[in-house]
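For this chain, numbers begin at 1 and follow the sequence in order. Here the structure is a predicted model, which means the values were calculated and not measured.
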Amino acid sequence: LLYANAPLTIGDNTIIALNTIFHTSTHDTNDHPMWKYRIDKPISVGKHVWVGVGSIILPGVMIGDYAVVGAGSVVTANVPEGAIVAGNPARIIKQRKKEIYSREPDILTVEESCAKKGTFLDKNVKEK
């Protein structure tokens, strides 16, 4: 869902999964009524970014090149280049290795890609 009252830019080779929301508008909670004004802020998504299923990208956010947004994340602040973020609100959980994402790709088109079969995870949910 693209709700774009302000500019929304998406870089080349970016993957956006199902049920993702990009919303460029908000309201001023310090005003009464808070819906008196709609505040429109741009969103910028870099190149080679992966936005996971069900993520929400909020007004004014910039997502750097080569970043990953985990499934179901709510992105309320800028995401640096190569960062992997997840959660609500999204937090940096890992950093991608620059030597991997800065090299030339092995393939140039989607048609050259293929599926890899995976197995079940070998980890359990963490206890609190």
*Does atom OH of Y37 have more than 12 heavy-atom neighbours, drawn from other residues, nucleotides or ligands, at distances under 6.0 Å?*
no
*Single-linkage hydrophobic cluster L8~V61, side-chain heavy atoms < 4.5 angstrom*: yes
*Heavy-atom check, side chain of Y66 versus side chain of K98, under 4.5 Å*: no
*Give a yes or no on whether the backbone of K47 and the side-chain of D12 come within a donor-acceptor separation of less than 3.5 Å.*
no
*Following the transitive rule for hydrophobic clusters with a side-chain heavy-atom cut-off under 4.5 Å over Ile, Leu, Val, Met, Phe, Trp and Tyr, establish whether I56 and V49 coincide in one cluster.*
no
*asked:* A side-chain contact here means heavy atoms from C-beta on lying under 4.5 Å apart; do R103 and D106 qualify?
replied: yes
*Counting N and O atoms only, with roles assigned by atom type, does the side chain of T24 sit under 3.5 Å from a partner on the main chain of Y3, one being a donor and the other an acceptor?*
yes
_Pairwise side-chain contact, I39 with D28, heavy-atom cut-off 4.5 Å (strictly under)_ = yes
*asked:* Just so I know, are the side chains of S25 and D40 near enough to count as touching, which here means a heavy-atom distance under 4.5 Å?
replied: yes
*In Å, rounded to the nearest 0.5 Å, how long is the span from CD1 of I16 to CD1 of I21?*
13.0 Å
*asked:* Between V79 and I10, is there shared hydrophobic-cluster membership here, with clusters defined by ILVMFWY side-chain heavy atoms closer than 4.5 Å?
replied: yes
*Would you say the side-chain atoms of S55 pair up with the backbone N or O of G70, donor to acceptor, closer than 3.5 Å?*
yes
*Heavy atoms only: give me the nearest H27-M34 pair and the separation to one decimal.*
CB-O, 3.3 Å
*What are the two closest non-hydrogen atoms of Q95 and A83, and how far apart are they?*
NE2-N, 3.5 Å
*Given side chains that start at C-beta, do those of P105 and N13 come closer than 4.5 Å, heavy atoms only?*
no
*asked:* Can you confirm whether I84 sits close enough to R96 that some side-chain heavy atom of one is under 4.5 Å from a side-chain heavy atom of the other?
replied: yes
*Hey, quick one: are L1 and L58 part of the same hydrophobic cluster, counting side-chain heavy atoms closer than 4.5 Å, chains of contacts allowed?*
yes
*Is a donor on one side and an acceptor on the other found under 3.5 Å between the side chain of S73 and the backbone of G87?*
yes
*Which heavy atom in V69 sits nearest to a heavy atom in V75, and how many Å separate them?*
CG1-CG2, 3.7 Å
*Indicate yes or no: at least one non-hydrogen side-chain atom of S113 is less than 4.5 angstrom from one of I107.*
yes
